[in-house]
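Written below as structure tokens is the structure these notes are about.
It should be emphasised that the depicted structure is a prediction, and the values quoted were computed from it without experimental measurement. Each chain gets a letter, A, B and so on, in the order the sequences are listed, and its residues count up from 1.
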Protein chains: 2
Amino acid sequence: MAAEAEFADHGFDGVSVRQIALRADVPVALINYHYGSKEGLYRAIFEMRAPMIIDQRMAGLRLAEMEPDQERKVEMIVKAVLVPNLHMRSTEKNSSYARILAREVADPKSHHRKVIGEFFDPVAYRVTEALHKAMPDRTIEEIHWGYQAMLGVMVYTMADTGRISRLSAGRCDPEDEMTTSTHLVALMKAALLYGRVPKKD
Amino acid sequence: MAAEAEFADHGFDGVSVRQIALRADVPVALINYHYGSKEGLYRAIFEMRAPMIIDQRMAGLRLAEMEPDQERKVEMIVKAVLVPNLHMRSTEKNSSYARILAREVADPKSHHRKVIGEFFDPVAYRVTEALHKAMPDRTIEEIHWGYQAMLGVMVYTMADTGRISRLSAGRCDPEDEMTTSTHLVALMKAALLYGRVPKKD
DNA sequence: AAAGTTCTTGTCAACTTGTTCAAATATGCT
DNA sequence: AGCATATTTGAACAAGTTGACAAGAACTTT
């Protein structure tokens, strides 16, 4: 799908239906015929790609639930959330979708388009549930802020602007899926396990 | 500046100069006269606001450098990075700029990439430097990924899409600056202090 | 007060935008 | 085959886009 690449590069408002049609080498009207509208096309991308990532995350969660050791369990939950997305990002065919997803999650205007909530909220609930079960001593707030943190790190890395590579003089490269995952998982695992807010006396 | 609010809500491509002019109750042509173009206006926002946030971060870093205790030092660095932005977000007048910044940092097609690099890279170097000095046993990669994580969490929270509030049934609210900062600082402090990648044997 | 400069304004032309329409083509079914 | 439905197409549409212009208003400086 050519639309993915265009949306990924310029955002929903940054690209016109004509640009997409041109790139896909089809008449403009075809898009409206098949998807109803520009937004329909946009949604179709999610409807096609979302299940894949969601399934992987769910599968990771099921594995994590079987792990008895707390520390490992948390690590597996973190991995279940981060790894599928980071992997998708480094896959040539899916990298566009990864950037669209990152953009959409970070876009306040996406609230109107809905789509994130529809597709990803259910799995989000599963994650927070699993986290709370793994660390029952945490408050609900701690769990949710922890999840928020995981998502933020993930999205920011998925949307990579080339900044970390520039700042680190090329030593850190988000394209390197293995190293990236290792670092981010280690960081977020520690954040979740050891990041406690000082309780008010 | 009315332009801030519009840009924040709809993004650079999502809003027209006319909408901005209408909201600001000025003729359209005025904007082009003063800022040359739509992009000029956009850039002007950053040039006006960026120094403020940078100064605060630098000041926080200087304070952190004086702290002898390692754990506290890292915490102070984290605070120096996160708190100014989170505070700005919850300030009525500046919340728009915070959302623009969040959007911009996550946008691969930054309209003024040079401005971001120009303004924010120097302070970024200072942060990673300070982190490395506080934790000399870490690899450069660990330091940079840690910084990346901090930024991701911050940006994602600043761009708040209302998701965490929805998922947590209203129990977590990014508008509540105090609680938000407390949680995020605790998380990222732990991530930096205890998040080590398993070294290959 | 006069002249020069800067700022403000309504209007304009050239162009894109997303979407729709009737006509043309392809496909499936009996 | 012939008919009915589905798809594809180029052109057209109304609405909105940006940036530019000349003409006027409001300051500064002489």
Counting just side-chain N and O atoms, does [X] come under 4.0 Å of either OP1 or OP2 of [N]?
{"X": "A:H34", "N": "D:dT8", "result": "yes"}
{"X": "A:Q19", "N": "C:dT16", "result": "no"}
{"X": "B:Y33", "N": "C:dT8", "result": "no"}

Rounded distance in Å - [atom1] ([X]) to [atom2] ([N]):
{"X": "A:L22", "N": "D:dG10", "atom1": "CG", "atom2": "C1'", "value": "15 Å"}
{"X": "A:N32", "N": "C:dT17", "atom1": "CG", "atom2": "P", "value": "14 Å"}
{"X": "A:Y35", "N": "C:dT19", "atom1": "OH", "atom2": "P", "value": "14 Å"}
{"X": "B:K38", "N": "D:dG16", "atom1": "NZ", "atom2": "P", "value": "15 Å"}
{"X": "B:I20", "N": "D:dG16", "atom1": "CD1", "atom2": "P", "value": "17 Å"}
{"X": "A:I31", "N": "D:dT7", "atom1": "CD1", "atom2": "C1'", "value": "15 Å"}
{"X": "A:E6", "N": "C:dG18", "atom1": "CD", "atom2": "C1'", "value": "16 Å"}
{"X": "A:D13", "N": "C:dG18", "atom1": "CG", "atom2": "C1'", "value": "12 Å"}

- A:G36 vs A:S16, nearer the 5' end of DNA chain C by closest nucleotide: A:S16
- Message: Taking the nucleotide of DNA chain C with the nearest heavy atom to each, does B:L30 or A:V28 sit closer to the 5' end?
- Response: B:L30
- In this structure, which one of A:K73, A:R72, A:R126 forms a salt bridge (Lys or Arg N to Asp or Glu O under 4.0 Å) with A:E65? A:R126
- Item | hbond_proxy A:R18 side chain to C:dG18 base (donor-acceptor, 3.5 Å cutoff) | yes
- Among B:T182, B:T157, B:V153, which residue meets the side chain to side chain contact (heavy atoms under 4.5 Å, CB included) test with A:W145? B:T157
- Query: A:R196 and B:A186: which non-hydrogen atoms are nearest, and at how many Å?
  - Reply: O-CB, 3.6 Å
- Query: Ring centroid separation for B:Y97 and B:F7, is it under 6.0 angstrom?
  - Reply: no
- B:V17 side-chain proximity, nearest of D:dT18, C:dT9, D:dA11: D:dT18
- Task: Measure from the side-chain heavy atoms of B:S37 and tell me the nearest of C:dT9, D:dT9, D:dG19.
- Result: D:dG19
- Task: Answer yes when B:E4 and B:R99 have at least one side-chain N-carboxylate O distance shorter than 4.0 Å, and no when they do not.
- Result: no
